[in-house]
Amino acid sequence: QKEVEQNSGPLSVPEGAIASLNCTYSDRGSQSFFWYRQYSGKSPELIMSIYSNGDKEDGRFTAQLNKASQYVSLLIRDSQPSDSATYLCAVRPNDYKLSFGAGTTVTVRA
Amino acid sequence: DGGITQSPKYLFRKEGQNVTLSCEQNLNHDAMYWYRQDPGQGLRLIYYSQIVNDFQKGDIAEGYSVSREKKESFPLTVTSAQKNPTAFYLCASSMGTGTVEYFGAGTRLSVL
């Protein structure tokens, strides 16, 4: 079983729609969860971090965490062409290690 | 201008050659990390360092070596023992282990 699993995509959404990305993790003791955005050929950049159950909103992005279900998601509202990228879910199962999913590629159609 | 600087951006390795990737940060971060990313895959941890003069192996350390002689610098050497070195190498740093990690721009390594 992979430590972090994401929908492989690609996910194609029209401009202005909501993009929904899902991530599940295997280590029930994980305490920190992150979403990174990675444009093609570039390095990952942090867009959201979440540590407690529930929702966390930052602009057009909302992260949702459910530790009982070992599930974390990212919603992108009012999707823009500039949101087209690969989104990496990262989970911290212990103090030193950050485990990454393979990423979900999102394409926003103008 | 604070950040993490990786060099070179592109690197080519000949058969049997060791190559060193540079990573420098001026964020005053204690922890530094090296990851490898292969196409269509997530990042895999090679080595990490929590403090100067100390480092630990990650999930795929075989064929790689590191040093941490200065807080700002964490160079990665890809040795000839690494038989499949072609990948995108990412250096990251954080204030301490367990905190948010920020990434450099990466080095793309290819084999001639």
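FYI, side chains are in, hydrogens and waters are out, and symmetry mates aren't considered; it's all heavy atoms of this structure. In what follows, every chain begins at residue 1, and chains take the letters A, B, ... in the order their sequences are listed. Nothing here was measured: the structure is a model prediction, and the numbers come from that model.
- Both the backbone and the side chain of B:L43 come within less than 4.5 Å of a heavy atom in chain A.
- Here the side chain of B:R44 pairs no donor or acceptor atom with the backbone of A:S99 at under 3.5 angstrom.
- Taking the side chain as every heavy atom from C-beta outward, B:D59 and A:K97 approach each other to under 4.5 Å.
- Tracing side-chain contacts under 4.5 Å through hydrophobic residues (I, L, V, M, F, W, Y), one never reaches B:Y33 starting from B:L109; they form parts of separate clusters.
- Proximity to chain A (any heavy atom under 4.5 Å) is shown, for B:S94, by neither the backbone nor the side chain.
- The side-chain heavy atoms of A:L98 and B:L45, taken from C-beta on, include no pair separated by under 4.5 Å.
- With a threshold of 4.5 angstrom between heavy atoms, A:Q38 approaches chain B through side-chain atoms but not through N, CA, C or O.
- In this structure, B:F103 and A:K42 have side chains that are not in contact, with every pair of non-hydrogen atoms separated by 4.5 Å or more.
- To the nearest 0.5 Å, atom CD of residue B:E101 and atom OG of residue A:S49 are 12.5 Å apart.
- Of the two parts of B:Q41, only the backbone, made up of N, CA, C and O, holds a non-hydrogen atom closer than 4.5 Å to a non-hydrogen atom of chain A.
- Contact of B:R108 with chain A is made through the side chain alone, with heavy-atom distances under 4.5 Å.
- Residue B:A105 comes nearest to A:S43 through the heavy atom pair CA-OG, 3.8 Å, listed as atom of the first residue, atom of the second, then distance.
- Note that OH of B:Y102 and CD of A:E45 are 11.5 Å apart. Values are rounded to the nearest 0.5 Å.
- Linking Ile, Leu, Val, Met, Phe, Trp and Tyr residues whenever their side-chain heavy atoms come within less than 4.5 Å places B:F88 and B:Y48 in a single cluster.
- A:I50 and A:L75 fall into different hydrophobic clusters, where Ile, Leu, Val, Met, Phe, Trp and Tyr side chains are chained together by heavy-atom contacts under 4.5 Å.
- Between chain B and the residues A:P44, A:G101, A:G41, the largest count of heavy-atom pairs under 4.5 Å involves A:P44.
- No more than 12 heavy-atom neighbours from other residues, nucleotides or ligands sit within 6.0 angstrom of CD on B:E62.
- Under a hydrophobic-cluster definition in which Ile, Leu, Val, Met, Phe, Trp and Tyr are linked whenever side-chain heavy atoms come within less than 4.5 Å, directly or via other members, B:Y35 and A:Y36 are assigned to the same cluster.
- Contact annotation for B:Q37: only side-chain heavy atoms (C-beta onward) come within less than 4.5 Å of a heavy atom of chain A.
- Criterion: ILVMFWY side-chain heavy atoms under 4.5 Å apart, direct or through other members. Under it, A:F100 and A:I47 are not part of a common hydrophobic cluster.
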